[in-house]
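Remarks on the structure that follows.
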Amino acid sequence: MAADGAKSPVRQALGISMTDEYSHGFLINIYFQADLRDMVQGREFSICNIMHPEATGMLVAINNSDRWCFHAPYDPRAESPEDYTPERCKELIAKALGFTGLDIQILSVLPWEAAEGVAERFQAGRVFLAGDAAHVMPPTGGFGANTGVQDAHNLAWKLAAVLRGHAGPGLLETYEHERRPVARFTAKQAGLIAANSMLSLFKGRTEGTLANVLVTAMGYRYKSTAVLASDECEAPQDQPEFHAAPGTRAPHVWVGHRSGRISTLDLFERSFVLVAGPDGAPWRIAAEMTRQRLGIGIEVYLLGPDGDLSDPDGLGQEAFRLSPGGAVLIRPDGFVAWRSDGVTDDHEQELVPALVQILSRESGGHPAQDA
């Protein structure tokens with residue numbers, strides 16, 4: 001896994017280029033120490049947009065006390081980072097703050113670019129790109145680190161399944177199929193926020209539609225062979241919706257479990273999970289048979305007034321869109337892989353083929369038999 005940054009030497013060595021490239025401008029990041037506690041006490045902030053004509057920039061709080069970053073516009077065609085001497089930086093910061101005689105210590109001066117870009121491929125043989133090596137975006141929206149974490153979250157369980165012999169290598173190809181479209185959408189959204197925001201440092205192209213921030217961060221939908229979906233509906237752009245549609249995050253609902261209340265999200269991310277309706281007892285038998293045939297772990301929970309997950313008001317059934325005998329299969333990364341209305345005479349014959357496809361298996365036999 002190459003997670004070696006925006007200039008990724010591994011990506012370059014593999015000859016993988018960046019696409020959708022666009023620059024919103026260059027900036028100088030001046031990291032400095034100055035005691036500003038009295039100035040900001042009671043009105044702490046994350047980012048302050050400085051509009052001073054001789055010191056335009058963004059003041060970013062590190063601890064709202066004595067550590068700060070000042071980001072100033074920078075033109076690499078006309079100047080270099082070496083032109084930003086400690087004396088010049090102190091003068092610039094003093095103007096931006098509106099204070100003279102302030103004790104300012106310059107800790108570092110670094111140039112950076114508010115850029116958009118996505119790798120043309122996220123996989124080259126046994127190598128996978130993740131994080132900034134796979135996609136870069138302006139900081140507006142705060143999506144960059146989140147998107148990198150999502151990459152690892154998506155790939156980790158797939159690597160584990162293949163290395164343990166539970167899945168075929170085709171499952172690893174779904175990493176790029178699922179994550180690259182999300183990265184392209186997210187980078188574009190970060191760029192649109194930059195171009196449309198009050199932050200005067202970022203100006204650029206404005207074509208495109210701004211989505212709800214939660215949609216960008218959480219409301220995307222995966223499409224690949226690791227998702228069995230019967231519809232082609234797109235993810236919403238106004239508000240995120242979590243109703244257990246294949247390819248989306250499994251919904252959160254408070255339910256009763258054993259001696260206390262838990263979120264349905266607490267059930268996921270250890271193995272495959274089958275959430276069934278109150279009449280879904282046959283799914284428990286089918287899951288046990290599937291475990292024996294495929295050699296993989298599947299946890300089963302019946303959701304209903306008297307189920308493993310008590311749901312007296314039916315909110316869970318509504319959120320998961322569960323019929324009394326239906327079931328929803330959740331992947332180890334918490335995303336919905338498949339769902340069934342439960343209208344079948346052979347639950348095992350529904351569940352096994354679904355998992356065989358999701359895991360890119362050659363057959364429905366035990367891994368040892370497949371080998």
Side-chain angles (χ1 to χ4, degrees), residues 3-9 18 21-117 131-133 135-148 187 189-205:
D4 52 344
K7 298 186 182 298
S8 179
M18 297 291 279
E21 291 187 284
Y22 187 85
S23 177
H24 291 265
F26 294 82
L27 300 99
I28 285 287
N29 174 1
I30 305 171
Y31 180 38
F32 68 98
Q33 179 173 314
D35 188 352
L36 305 180
R37 282 174 289 189
D38 292 341
M39 183 188 299
V40 302
Q41 187 174 11
R43 49 180 179 174
E44 292 80 3
F45 60 86
S46 175
I47 296 175
C48 179
N49 199 26
I50 305 295
M51 305 301 290
H52 192 295
E54 298 178 11
T56 301
M58 287 189 304
L59 180 64
V60 179
I62 303 301
N63 62 3
N64 269 290
S65 175
D66 64 348
R67 294 296 175 106
W68 312 84
C69 278
F70 184 66
H71 299 271
Y74 159 72
D75 185 354
R77 297 169 298 181
E79 54 187 348
S80 71
E82 288 71 28
D83 294 325
Y84 285 81
T85 62
E87 291 73 21
R88 180 183 177 185
C89 290
K90 289 179 182 180
E91 181 181 350
L92 192 64
I93 292 167
K95 284 184 179 180
L97 297 177
F99 281 84
T100 58
L102 192 65
D103 181 17
I104 300 172
Q105 297 181 42
I106 305 302
L107 303 178
S108 74
V109 178
L110 295 170
W112 65 282
E113 180 184 12
E116 294 176 45
D132 286 356
H135 39 71
V136 293
M137 60 195 72
T140 41
F143 302 130
N146 292 318
T147 309
Q189 287 297 308
L192 285 171
I193 294 173
N196 289 278
S197 72
M198 292 295 292
L199 300 177
S200 57
L201 304 187
F202 300 115
K203 295 299 177 187
R205 57 183 177 184

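The heavy-atom pair separating Ala190 from Met137 by the smallest distance is CB-CB, 4.0 Å. When all heavy atoms of Glu113 and Ser23 are compared, the closest pair comes out as OE2-OG, 2.8 Å. Nearest heavy-atom pair, Pro138 versus Ala187, reported as atom, atom and distance to 0.1 Å: CD-O, 4.4 Å. Looking at every heavy atom in both residues, Pro9 comes nearest to Asp4 through CD-OD2, 3.1 Å. Phe70 and Ala55 get closest at one heavy-atom pair: CZ-O, 3.5 Å. Gly141 and Ile193 make their closest contact through CA-CD1, 4.1 Å (heavy atoms, listed as atom of the first residue, atom of the second, distance).
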Is there a side chain to side chain contact (heavy atoms under 4.5 Å, CB included) between Leu192 and Thr140? Walk through the geometry before answering. CA-CA 9 Å; Leu192 285 171; Thr140 41; over 6 Å; no
Side chain to side chain contact (heavy atoms under 4.5 Å, CB included) between Met51 and Thr56: does it pass, once the steps are laid out? CA-CA 5 Å; Met51 305 301 290; Thr56 301; 5.5 Å; no
Set out, in order, the CA-CA distance, both residues' side-chain angles and the distance that settles side chain to side chain contact (heavy atoms under 4.5 Å, CB included) for Tyr74 and Trp112, then state yes or no. CA-CA 9 Å; Tyr74 159 72; Trp112 65 282; over 6 Å; no
Using side chain to side chain contact (heavy atoms under 4.5 Å, CB included), reason through Phe45 and Val40 one step at a time and then give a plain yes or no. CA-CA 8 Å; Phe45 60 86; Val40 302; 3.7 Å; yes
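Glu82 pairs by the side-chain hydrogen bond (donor to acceptor under 3.5 Å, both in side chains) definition with Ser80, not counting sequence neighbours. Partners of Asn63 by side-chain hydrogen bond (donor to acceptor under 3.5 Å, both in side chains), not counting sequence neighbours, listed by chain and number: Asp66. Scanning for side-chain hydrogen bond (donor to acceptor under 3.5 Å, both in side chains) contacts around Asn64 gives an empty result, with sequence neighbours left out. A search for salt bridge (Lys or Arg N to Asp or Glu O under 4.0 Å) contacts involving Asp38 returns nothing, not counting sequence neighbours. Applying the salt bridge (Lys or Arg N to Asp or Glu O under 4.0 Å) rule to Arg43 yields no partners; only residues at least two apart in sequence or on another chain are considered.
The distance from atom OG of Ser108 to atom CD1 of Ile30, rounded to the nearest 0.5 Å, is 9.5 Å. Of the inter-residue distances, the one linking Ile106 atom CD1 with Gln33 atom CD reads 10.5 Å to the nearest 0.5 angstrom.
At distances below 3.5 Å, at least one donor-acceptor pair connects side-chain atoms of Asp35 with backbone N or O atoms of Arg37.
Contact annotation: the side chain of His71 never approaches that of Ile28 to less than 4.5 Å [non-hydrogen atoms, C-beta and beyond]. By the 4.5 Å heavy-atom criterion applied to side chains, Ser65 and Leu36 are not counted as neighbours. In this structure, the side chains of Asn49 and Met58 come closer than 4.5 Å at one or more pairs of heavy atoms. A 4.5 Å side-chain heavy-atom check between Arg67 and Leu107 finds at least one atom pair inside the cut-off. Ile62 has its side chain within reach of Tyr31: a pair of non-hydrogen atoms, C-beta onward, lies under 4.5 Å apart.
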Indicate every side-chain donor-acceptor pair of residues 89-101 with a distance under 3.5 Å to a residue at least two apart or in another chain.
from: Lys95; atom 1: NZ; to: Glu54; atom 2: OE1; distance (Å): 2.8

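Note: Phe32 and Trp68 have parallel aromatic rings, judged against thresholds of 30 and 60 degrees for the angle between ring planes.
With no hydrogens or angles considered, a side-chain donor-acceptor pair links Glu116 and His24 at under 3.5 Å.
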